[in-house]
Protein chains: 2
Amino acid sequence: MSDISRPAADPFSDIMTHDFSSIDDGGDTWSDAHANFLSSLSQEETQDLLKCSRRLDLKSRDLLFRAGDRSNDVYIVAGGCIRLFQVSTTGKETILWFSFVGEIFGMAELWRGNSRQIHAVANEATQIYSIRRRDFTDFLGTHPEAAMKAIGILSARVRSLGHILVGLASDNVETRIARLLIRFAAVSSGMRCCSGTTEGELCVNVRLTHQDIANLIGASRQTVTTTLAHLRKRGAVRMVNHHIHIVRPDHLRRLLELGAA
Amino acid sequence: MSDISRPAADPFSDIMTHDFSSIDDGGDTWSDAHANFLSSLSQEETQDLLKCSRRLDLKSRDLLFRAGDRSNDVYIVAGGCIRLFQVSTTGKETILWFSFVGEIFGMAELWRGNSRQIHAVANEATQIYSIRRRDFTDFLGTHPEAAMKAIGILSARVRSLGHILVGLASDNVETRIARLLIRFAAVSSGMRCCSGTTEGELCVNVRLTHQDIANLIGASRQTVTTTLAHLRKRGAVRMVNHHIHIVRPDHLRRLLELGAA
DNA sequence: GCATATTTGTCGTCTAGGTGACAATGCCTG
DNA sequence: CAGGCATTGTCACCTAGACGACAAATATGC
C-alpha cells in the first residue's frame, strides 16, 4: 500500500493540528460537513469525553458494525478513515459517508434506540474511540457547549446529504465525479501529499478505487473508469501514486456551474 | 381545492393531538423522521419558545425564503405544509423535505452563518411560527432537554436523507414511488381522510401533483404519470378526491423488499 | 361563468449509462 | 517468487427513463 492517509503514529497530535476551515468548495464547505468534532472541544471537554472511551484498533476492511446490530456506541476517529455505507436489497452498496480523523459518527443512530441502519468498516488501518451511548448523552447533557457543537455537526451533515441528494437527482456522472473530487480534495488538504503537488493542483489524498467512487455517486464501476479516463485525457486530473490530483480545479468547478455538459 | 390537509381553524389544537408514533413503514419510522418537535416539548418549554416567536400566514405558493437569503430564523409549522427544495443549475427542482404540522425546519442552516441553501414555499395555505436565530440558540442553551430533542430530530433527518439517498442510487422509479407513498401515508395518517378509507387501506393525505412526486424522487413527470397509472391498473393504489389511497400496502411493501422488479 | 393556467395522460424518439464479459495489470501473501 | 485476488481498462449490447410534443381534463382567478 502507498503512504496515502497513513495513520499518524500518535493520532492525537494529528487531530489537534487539523483545521480545514479555510478550504472552500464553492457553495458548501466540505470542511464544515466533515467538521473535526474532537478538536472543536476544549481541553477539558475532550478529557471528560474520552475518559470513558475505549480504544479500538481496526485493520483495513475490519467491520465495526453492520446494519441490524444492537451496538449503541458513538465513535470518534483517532486515525485512519471509516466508510459508512448501506447495502440495498439488490446487493448494491451505497457509501453514505467517509469519516476522517477527529470526526464523530454513529451519533444519528443513538436516538433511534433499536438498531444500526448502516454498515461501518475501516477503509484502512484505523483507530477509534468508542463511547457508550449513555456516557455520550450524559456528556452532552452536562456540557451544553458540546451539545451545541453536536447540533452543528448534525446540521452540517443534513446540509451535505441534501446537496448530495440534489446532485444525484439532477447531475450526470461526470458532474457528480467532479463534485466528489473537489470535496474530497478539500477534506484531505490537511494531510500533505506524499509526492508533492504542483502549484495550483489539489491532491485528493484518500484511497479510492473506482468501485468506491461508483458507490459514492451511485454509478457503475465501468462508467466511473471511462469518465475518469475522459477527465484525464482532457487534462483535468492526473494520477499520482495511485491517487488523484486535480490539475485544474477551476476546470472542474466550471463543470459544476454549467451543470450537465 | 379539495379539503385535503386543510389547516385546522386553531392550529394549536391540531399540533397537540398529533401523534404518529405507532405508524411503521418498515425499517425507518417516518413519524420519527417527521417528528413533531413542538408537541414533544413540555407546556413550559413551548411557552418559552413561542413567546419570542412571530406568527406568519402564508398563502399557497408563497415564498418563505430562497437560497442565498440572509434570513436566519428557525420556523415551526403551525398549520399547513412547507415544501423545502433546491434548484439545480439546469433548472431542475429537487424537493428535499416536506414539513408538516408541528415540525421545525431551517434549523440545519442556523449553524452555517451566512445564507440559506434551499428554498421554502408554502405548499398550501400555511401558518408559521418564526423564531430568530439568537432566540432559538438561547432557548436551546437554557433548555437542555429541548436541545436533546433537537439533536434527535436532526438525527432522524440524517437517517431519513440517508435512506432516500440509498433509494435514489439503487432503486428504479416504481420502487421509489412505492416507498414515497408509504412514507407519506404514515405521516398523514394523523389527519383523517375526507372521504373515509376502506379497511386496510392507507390514505396519502397530502396534496401532490405528479410533478411534485417527480421532484421528490428524482424522475421525470411523465414517468411518474405512467408508473402511477401502472400501479393503479394493478390495483395497488387508487385515486380518491384527487389524492392517493394505497389499496394494498403490503403489495407496495413487497415491492420494496424485492428491490427492482 | 368565462378565460387562462395547471395538471394529467399518452405518444414516439433518443441516449446516458447499466450489464456482462474479458484481458491486462498490479499487489499482497504465503 | 509464484499464485491468487483486486483493480483497471475496454468492448458490445440493451434498456430505463428522459425529453418534446401534443390533446384532454381540471382548477383558478377575474
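Throughout, protein chains are lettered first and strands after them, A, B, ... in sequence-line order, and every chain is numbered starting at 1. What's counted below: heavy atoms across the whole structure, side chains too, no hydrogens, waters or symmetry copies.
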Under 3.5 Å, is there a donor on one side chain and an acceptor on the other for B:Thr94 and B:Asn215? no
Using 0.5 Å steps for rounding, measure from the CG atom of A:Leu181 to the CG atom of A:Leu202. 10.0 Å
Tell me which nucleotide among C:dG26, D:dT7, D:dT28 gets nearest to the side chain of B:Arg207. D:dT28
Listed by chain and number, what are the ring-ring contact (aromatic ring centres under 6.0 Å, His included) partners of B:His210, not counting sequence neighbours? none
For A:Tyr75, enumerate each residue passing the ring-ring contact (aromatic ring centres under 6.0 Å, His included) test, keeping only those at least two apart in sequence or located in another chain. A:Phe65, A:Phe105
How does each nucleotide of nucleotides 10-25 of chain D score, in 5' to 3' order, for protein heavy atoms under 4.0 Å: base (B), sugar-phosphate only (S), or none (-)? B------SSBBB----
Please determine if a side-chain N or O atom of A:His242 lies less than 4.0 Å away from the OP1 or OP2 oxygen of C:dC27. yes
Under 4.0 Å: is that the gap between some side-chain N or O of A:Arg232 and OP1 or OP2 of D:dG9? yes
Presence of salt bridge, A:Arg83 and A:Glu124, under 4.0 angstrom: no
Is any NZ, NE, NH1 or NH2 atom of the basic residue among A:Arg207 and A:Asp212 found under 4.0 Å from an Asp or Glu carboxylate oxygen of the other? no
Rounding to an integer number of Å, can you tell me how far B:Leu231 CG sits from C:dT8 P? 15 Å
Length of the CZ-C1' vector between A:Arg61 and D:dT7, whole Å: 10 Å
Which of B:Arg116, B:Arg66, B:Glu109 passes side chain to side chain donor-acceptor pair (under 3.5 Å) with B:Ser71? Answer is B:Arg116
Do the non-hydrogen side-chain atoms of B:Trp97 and B:His34 ever get within less than 4.5 Å of each other? yes
Pairing residues for B:Arg157 by the salt bridge (Lys or Arg N to Asp or Glu O under 4.0 Å) criterion, not counting sequence neighbours: none
Within residues 208-217 of chain A, the residues having a heavy atom closer than 4.0 Å to DNA chain D are A:Thr209, A:His210
One pair to check against side-chain contact (heavy atoms from CB on, under 4.5 Å): B:Phe100 and B:Val77. What are the steps and the verdict? CA-CA 6 Å; B:Phe100 299 100; B:Val77 181; 6.0 Å; no
Could you walk me through whether B:Thr223 and B:Thr226 pass the side chain to side chain donor-acceptor pair (under 3.5 Å) test, one step at a time? CA-CA 5 Å; B:Thr223 309; B:Thr226 320; 5.9 Å; no
Between the opening five pairs and the closing five pairs of the helix from C:dG1-D:dC30 to C:dG30-D:dC1, how far apart are the helix axes, to 10°? 60°
